[in-house]
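Numbering starts at 1 and runs along the sequence shown.
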Amino acid sequence: MSNIADILKDKNFVFNKQFGQNFITDNNLLDAIVADSGVTANDVVVEIGTGAGTLTKAIAKVAKKVISFEIDRNLKDVLDVTLSGLENVQVVFRDIMKVTDKELKEIVGEQYKVVANLPYYITTPIIMRFLEGDFRPQSLTIMIQKEVAERLTAKAGTVDYGAITAAVELYANTKITRIVGKNNFYPVPKVDSSVIRLDICDNKYDCNKEKVKQIIKAAFAMRRKTLVNNLMALGVSRDVIENTLQNLGKDVRIRGEVLNVQDFIDLAENLL
């Protein structure tokens with residue numbers, strides 16, 4: 001592939017800050033991300049953010065098919081060059097957040113995996129869109145901001161552990177597969193990144209996820225408050241919450257960040 005910067009310049013491409021565009025330029029890194037994803041020749045892959053097509057091309061070398069969603073139509077001329085001749089790649093110029101599960105199923109047609117270098121500004125909404133949807137992938141292997149990756153994989157009781165950690169844990173097993181320095185991108189972002197893999201387990205927890213998410217959201221609403229005070233915002237009395245915590249073997253003075261997902265499930269079953 002010719003130098004990406006040269007192709008972008010040749011096609012008069014202007015970076016759009018609104019879309020958080022930072023393209024990966026190192027071929028070894030691109031191949032490593034695909035290896036981390038576990039994608040094989042039997043897999044259909046959905047990519048979010050085609051960008052300059054560098055990751056798209058690396059996925060296409062391995063996967064059966066790549067369906068790549070790109071929001072910036074100004075990249076079309078660039079992609080006509082970088083993805084030229086790749087018969088197993090389909091670029092869809094649409095915002096993935098505006099594509100319904102029904103439409104996604106019509107486009108993809110079968111089981112799939114997500115592999116993507118996600119824009120930092122929309123990382124969490126995209127992750128939750130796939131985890132909470134009705135047409136879930138088998139896994140997501142995504143390049144995200146290092147700080148966010150640490151939050152998503154944090155353990156209960158640590159500083160990085162929060163509502164998003166517990167919400168993701170409801171659906172998937174997560175692990176950081178590699179740390180990536182900012183100099184691997186063009187243009188160079190301000191922070192380092194991590195590749196994180198989320199393997200979705202539909203039967204990981206047998207619970208009412210909507211109720212559990214209500215408990216999680218309330219528990220972390222005000223981090224300085226005790227769990228009891230936060231949960232009272234759900235309309236449950238202090239006595240009921242304290243009795244429930246005691247019955248579950250918990251100190252009534254605890255804060256939400258010390259509870260794991262099973263604890264939140266137990267609370268949801270007893271309080272809502």
Side-chain angles (χ1 to χ4, degrees), residues 97 114 118 120-134 136-137 139-140 142 144-177 179 191-272:
M97 296 301 289
V114 171
L118 290 183
Y120 292 159
Y121 77 99
I122 199 170
T123 296
T124 301
I126 286 179
I127 290 172
M128 297 315 294
R129 180 252 178 275
F130 282 101
L131 294 185
E132 295 177 337
D134 294 325
R136 284 189 279 274
S139 64
L140 294 95
I142 48 180
I144 61 176
Q145 194 171 337
K146 182 170 176 278
E147 181 185 317
V148 177
E150 288 167 351
R151 209 151 54 226
L152 292 177
T153 55
K155 301 299 181 189
T158 62
V159 174
D160 290 328
Y161 186 73
I164 185 62
T165 324
V168 167
E169 174 73 13
L170 270 177
Y171 297 93
N173 295 324
T174 61
K175 67 175 179 181
I176 293 173
T177 61
I179 310 296
V191 295
D192 291 335
S193 298
S194 292
V195 178
I196 184 173
R197 177 165 159 174
L198 295 83
D199 287 299
I200 295 177
C201 314
D202 281 330
N203 301 314
K204 187 173 183 183
Y205 294 103
D206 182 17
C207 63
N208 183 321
K209 289 185 174 66
E210 294 312 311
K211 287 186 176 181
V212 178
K213 283 186 286 185
Q214 268 185 274
I215 292 284
I216 291 170
K217 186 177 179 182
F220 288 97
M222 302 285 284
R223 286 189 80 107
R224 291 186 179 184
K225 282 189 174 184
T226 64
L227 179 64
V228 172
N229 285 335
N230 273 331
L231 292 183
M232 284 171 63
L234 293 172
V236 185
S237 73
R238 178 181 295 275
D239 286 346
V240 169
I241 298 169
E242 289 184 349
N243 286 337
T244 300
L245 284 172
Q246 287 170 340
N247 289 338
L248 294 172
K250 306 293 182 186
D251 189 317
V252 297
R253 296 166 295 180
I254 60 171
R255 287 182 166 79
E257 56 261 36
V258 304
L259 299 185
N260 61 32
V261 172
Q262 189 57 56
D263 293 328
F264 289 122
I265 291 169
D266 293 340
L267 283 172
E269 288 176 348
N270 284 278
L271 294 178
L272 299 180

**Message:** Please give me the minimum heavy-atom distance between Leu227 and Ala219, naming the atom from each residue.
**Reply:** CD1-CB, 3.5 Å
**Item:** Ile127 CD1 to Ile196 CD1 distance, which is reported to the nearest 0.5 Å
**Value:** 6.5 Å
**Prompt:** If you round to the nearest 0.5 Å, how far is CD of Gln214 from CG of Leu272?
**Reply:** 5.5 Å
**Message:** Working note: Met128 + Val168, criterion side-chain contact (heavy atoms from CB on, under 4.5 Å); need CA distance, chi angles, decisive distance, verdict.
**Reply:** CA-CA 8 Å; Met128 297 315 294; Val168 167; 3.9 Å; yes
**Request:** Tell me, yes or no, whether the heavy-atom count around Lys204 atom NZ, taken from other residues, nucleotides or ligands under 6.0 Å, exceeds 12.
**Result:** yes
**Complete:** Heavy-atom closest pair (Leu259 atom, Phe264 atom, distance to 0.1 Å) is O-CE1, 3.5 Å
**Request:** Grab the two heavy atoms, one from Ile241 and one from Val228, that are nearest each other, plus how far apart they are.
**Result:** CD1-O, 3.8 Å
**Fill in**
With Ile265 as partner, the option from Asn270, Val212, Ile215, Asn260 fulfilling side chain to side chain contact (heavy atoms under 4.5 Å, CB included) is Val212
**Request:** Please report the closest heavy-atom contact between Ile216 and Ala167, naming both atoms and the distance.
**Result:** CD1-N, 4.2 Å
**Complete:** Heavy atoms of Ser194 and Ile179 approach each other most closely as OG-CD1, 3.3 Å
**Message:** Give me the atom names and distance for the closest heavy-atom approach of Val114 to Ile142.
**Reply:** CG1-CG2, 4.5 Å
**Item:** Contacts of type side chain to side chain donor-acceptor pair (under 3.5 Å), residue Ser193, not counting sequence neighbours
**Value:** Tyr120
**Message:** Measuring only between side-chain heavy atoms, which start at C-beta, is Leu198 closer than 4.5 Å to Pro137?
**Reply:** no
**Prompt:** Can you tell me if CE on Met97 sees more than 12 non-hydrogen neighbours from other groups inside 6.0 Å?
**Reply:** yes
**Complete:** residues 209-219 vs salt bridge (Lys or Arg N to Asp or Glu O under 4.0 Å), sequence neighbours excluded, gives Glu132-Lys213, Glu210-Lys213
**Prompt:** With a 4.5 Å heavy-atom cut-off, do Leu118 and Gln145 have their side chains touching?
**Reply:** no
**Item:** salt bridge (Lys or Arg N to Asp or Glu O under 4.0 Å) contacts touching residues 261-272 (sequence neighbours left out)
**Value:** Lys250-Asp263
**Message:** Per the side-chain hydrogen bond (donor to acceptor under 3.5 Å, both in side chains) rule, what does the pair list look like for residues 235-248, sequence neighbours excluded?
**Reply:** Asn229-Arg238
**Fill in**
So OH of Tyr171 and CG of Leu140: to nearest 0.5 Å the spacing works out to 13.0 Å
**Asked** Residues in salt bridge (charged side-chain N to carboxylate O under 4.0 Å, His left out) with Asp206, at least two apart?
**Response** none
With a 3.5 Å cut-off and sequence neighbours excluded, list the donor-acceptor pairs that the side chains of residues 149-158 form with protein atoms.
unit_1, atom_1, unit_2, atom_2, d
Glu150, OE2, Lys146, NZ, 3.0
Arg151, NH1, Glu147, OE2, 3.4
Thr153, OG1, Ala149, O, 2.9
Thr158, OG1, Lys155, O, 2.6

**Request:** Sequence neighbours left out, what pairs pass salt bridge (Lys or Arg N to Asp or Glu O under 4.0 Å) with at least one residue falling in residues 223-235?
**Result:** none
**Asked** Any side-chain heavy-atom pair from Leu234 and Leu271 closer than 4.5 angstrom?
**Response** no
**Asked** What residues, two or more places apart in sequence or in another chain, satisfy salt bridge (charged side-chain N to carboxylate O under 4.0 Å, His left out) together with Asp251?
**Response** Arg253
**Message:** Counting C-beta onward and ignoring hydrogens, is there a side-chain heavy-atom pair between Leu267 and Leu248 closer than 4.5 Å?
**Reply:** yes
**Complete:** Hits for salt bridge (charged side-chain N to carboxylate O under 4.0 Å, His left out) against Arg255, two or more places apart or cross-chain, chain-then-number order -> none
**Prompt:** Donor-acceptor pair, Asn230 side chain versus Met222 backbone, under 3.5 Å?
**Reply:** yes
